[in-house]
Amino acid sequence: MRYLLVFLFVSCSFLSFAQETQKEELVIHKIGGKEYYIHVVDTGNTLFAISRKYAIPREEILKANPQLTEILTLGDRLMIPLDKITRRDLDEAPEIDGNFLIHEVQRKNTLYSIAKEYNVEINDIIVANPEIEDGLKKGAKIKIPVAKIKSSSGEEEYVVPAAASPYVTHKVEPKETLYSLSKLYNVTIDSIKMVNNGLVGGLKENDLINIPILKNYKKMAVQAIEDVEFDSAAVKGSYKVAVLLPFYLDLMDSSNNLGYRQSQEASKELFNKAQYAIDFYQGFKLAAQEKANEGLNLELEVFDTGKDSATVSEIINSDKLNGTDLLVGPLFLSNFLQVADYAKRNKINIVSPVKLSNKVLLGNSYVSKVATSEPIQTRFLGQYIFDSLRFSNLIVVYPDKFQDRKRMEVLKKQIKTASELNQDTTRISPLREVFWNPKDLSGIKSKLKEDELNVIVAPSSDQSFVTRLLTSLNMMGNYKFKVVGLEPWQNFENIEIDYLHNLNVHLITSEFINKEAIENAEFIHRFNETYETLPSDFAYLGYDVASYYLNLLQVSGANFEIMLPTEKMQGLSRKFHFVKTGIESGFENHSSYIVRYQDYKLVKVH
């Protein structure tokens, strides 16, 4: 099988670098005969958070520090009297991390009990910790957003972040909207969402939210490219790029020790698992060769990660990555997080080319994620509904499940935001929602109209639901339909192809390959000429990723991350349109299309 991997692999090993976060050592100071801890106010600190950290009532902090105003200032030194601390609670007190308290999950903790303990909404905890949707684990550390903590009457000042932080805190008043707040503070709606973890749950009266006050967005590359400054010293004569992919070569080698039949079966299974990596690298290498022909001096190294953390650790611990200007991969979440941490410590841009959790972006401004997340696609769908479908007989059908209800909230929020931005409130009919009940279709039928097009939006990736819905709608011959669904539908093999055409099915997708376009025909020819096979979707992905990022290296140098939001590109399979997800976090690609089934193939609509 190795002859298909036409490149040099480098493999190495190291101990896992993941370390348990240690609590800071508290130093006791004697002042006026009394003992105190001294807390230096840092970005995002609030009096509430400090009181929780030291297990001391807020009133006692105020008494010990009479100079305090209602707003903290960065660098303030607060005296924390030891004799007012509840020692037992101090041992379990949460740490502070910017605008978050860090809570360690205990054995009997539930989301409800944690939300009640900190007086926040469950949804606000989930938004700050998307990984906990799969459940809480004892010992896990989760973030509690301080700005979301509900204050009781007269205590608003205790949850106001320290001044000179990159945002101010605003208490949401009745009837306020993101649009009105953006006008009030002269900031964009996206920037407000950015510093509030997306505001998935929407604005709620009396909530405290962050408002960005950094007006110089040059370093975030929100202004035009000519206004963006970058480090010209980062432009070099040559660049080193490392690609980390799972080829499983070590396992293929070990399979040779098995009997002939077992060896053949094992090799075939491993080769099938490695096929994605092989295809991606072939596309990547083809684009790299084209950039080299254009004058880019490039050293390309490839590492076989397998799916083994120890192997990735070895690579990181060796000197093989020294001097690297760009890291691409790995593909698996745990492995990627390992390498992303290395990239952050060494200030190297790293690319996640496939769908991974957005947790890879948190707190790491060197990460850019090519695959568009589901929430971004859902917001794109909401915008499409507002722009193109809001005057239609619009019916939204979905199962009564947590994930589908959460997706529906995002959808409705985006439609509302779009109407506010367009100042169009004259014709926004409320979305007519129907919970799916396969035994009773009257909820859908009662809303259908025979004399006009019925637009059915089904924002769900539940295969059973989608299959039964399309089957049911196809049997209603007296109505005209347009059904709008999600990207995963393309992979549902049990849907009759005729249903997709009869029902005029439209899908939102993050990629679209028009193989009849001239540029794609040329790529297919070059790929086939080089590898004697046709390119898969992963080959297109590898080619697009290399084309985009190697061009950034060539034009802007190794510190190109500042240019990501302004450097847009239409690739062969996707768009590159990056948005920064947080002040200190990474960049996510907003590549979305609307496609439809026509003449038994997908065509781009929007």
Side-chain angles (χ1 to χ4, degrees), residues 2 5 7-22 97 102 104 131 134 137-141 239-255 257 266 269-271 273-278 280-281 284 299-371 542 545 549 558 561 584-586:
R2 285 197 176 207
L5 309 179
F7 43 79
L8 210 41
F9 289 102
V10 183
S11 57
C12 11
S13 219
F14 118 144
L15 297 176
S16 175
F17 58 76
Q19 298 179 358
E20 189 68 25
T21 302
Q22 300 294 322
D97 181 10
I102 305 301
E104 183 171 346
E131 70 277 8
D134 296 330
K137 296 181 181 178
K138 183 178 181 296
K141 294 187 175 181
Y239 298 95
K240 179 179 177 180
V241 176
V243 181
L244 301 97
L245 298 169
F247 297 101
Y248 305 104
L249 290 181
D250 55 339
L251 296 179
M252 288 187 185
D253 277 344
S254 62
S255 70
N257 298 324
E269 181 181 352
L270 289 168
F271 182 75
K273 290 173 67 175
Q275 189 66 59
Y276 298 115
I278 296 169
F280 179 90
Y281 181 72
F284 192 97
E299 178 187 351
L300 182 61
E301 295 200 57
V302 184
F303 297 84
D304 181 10
T305 62
K307 196 181 178 181
D308 181 15
S309 296
T311 300
V312 175
S313 297
E314 290 178 10
I315 296 171
I316 296 170
N317 198 39
S318 72
D319 60 359
K320 302 293 185 179
L321 295 179
N322 289 357
T324 299
D325 299 296
L326 175 65
L327 294 160
V328 179
L331 303 188
F332 297 111
L333 177 60
S334 59
N335 295 347
F336 185 88
L337 289 173
Q338 285 180 275
V339 182
D341 185 84
Y342 171 87
K344 181 180 179 180
R345 287 187 276 114
N346 291 277
K347 299 181 179 180
I348 304 170
N349 277 294
I350 180 171
V351 181
S352 168
V354 296
K355 289 186 182 294
L356 294 180
S357 165
N358 269 15
K359 70 184 294 185
V360 302
L361 302 172
L362 294 175
N364 192 340
S365 60
Y366 294 96
V367 177
S368 52
K369 181 169 166 280
V370 173
V545 167
Y549 285 96
E561 70 277 0
E584 296 179 352
S585 294

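What you see below is based on every heavy atom in this structure, not just the backbone, and it leaves out hydrogens, waters and symmetry mates. This structure is a prediction, so every number in the text was calculated from the model and none was measured.
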Between [X] and [Y], which heavy-atom pair has the shortest distance, and what is it?
X      : Y      : answer
Lys344 : Asn364 : CB-ND2, 3.5 Å
Ser334 : Ser309 : OG-OG, 4.3 Å
Phe280 : Pro353 : CE1-CB, 3.8 Å
Lys320 : Lys240 : O-NZ, 2.7 Å
Gly329 : Val339 : O-CG1, 4.4 Å

Does the [X] side chain pair with the main chain of [Y], one donor and one acceptor, at a distance under 3.5 Å?
X      : Y      : result
Asn346 : Ile348 : no
Asn335 : Val312 : no
Asn317 : Ser313 : no

Do the non-hydrogen side-chain atoms of [X] and [Y] ever get within less than 4.5 Å of each other?
X      : Y      : answer
Ile315 : Tyr342 : no
Leu326 : Tyr549 : yes
Phe303 : Leu321 : yes
Ser357 : Glu131 : no
Pro246 : Leu331 : yes

How many angstroms lie between [atom1] in [X] and [atom2] in [Y], if you round to the nearest 0.5 Å?
X      : Y      : atom1 : atom2 : value
Lys369 : Asn358 : NZ    : CG    : 4.0 Å
Asn349 : Glu561 : CG    : CD    : 4.5 Å
Thr305 : Gln338 : OG1   : CD    : 10.0 Å
Leu327 : Ser352 : CG    : OG    : 12.5 Å
Leu244 : Thr311 : CG    : OG1   : 11.5 Å

Query raised in the report: Going through the checks in order, is the side-chain contact (heavy atoms from CB on, under 4.5 Å) test met by Leu337 and Lys359?
Result: CA-CA 9 Å; Leu337 289 173; Lys359 70 184 294 185; 4.2 Å; yes
**Item:** Derivation of the side-chain contact (heavy atoms from CB on, under 4.5 Å) call for Val241 and Asp325
**Value:** CA-CA 6 Å; Val241 176; Asp325 299 296; 5.7 Å; no
- Query: Think Lys273 forms a cation-pi with Tyr248, using NZ or CZ under 6.0 Å from the six-ring centre and within 45 degrees of its axis?
  - Reply: yes
Step-by-step side-chain contact (heavy atoms from CB on, under 4.5 Å) determination, Tyr276 to Val354: CA-CA 11 Å; Tyr276 298 115; Val354 296; over 6 Å; no
What verdict does the side-chain contact (heavy atoms from CB on, under 4.5 Å) test give for Phe336 and Val367, after you've listed the backbone C-alpha separation in whole Å, the side-chain angles of each residue and the deciding distance to 0.1 Å?
CA-CA 10 Å; Phe336 185 88; Val367 177; 4.0 Å; yes
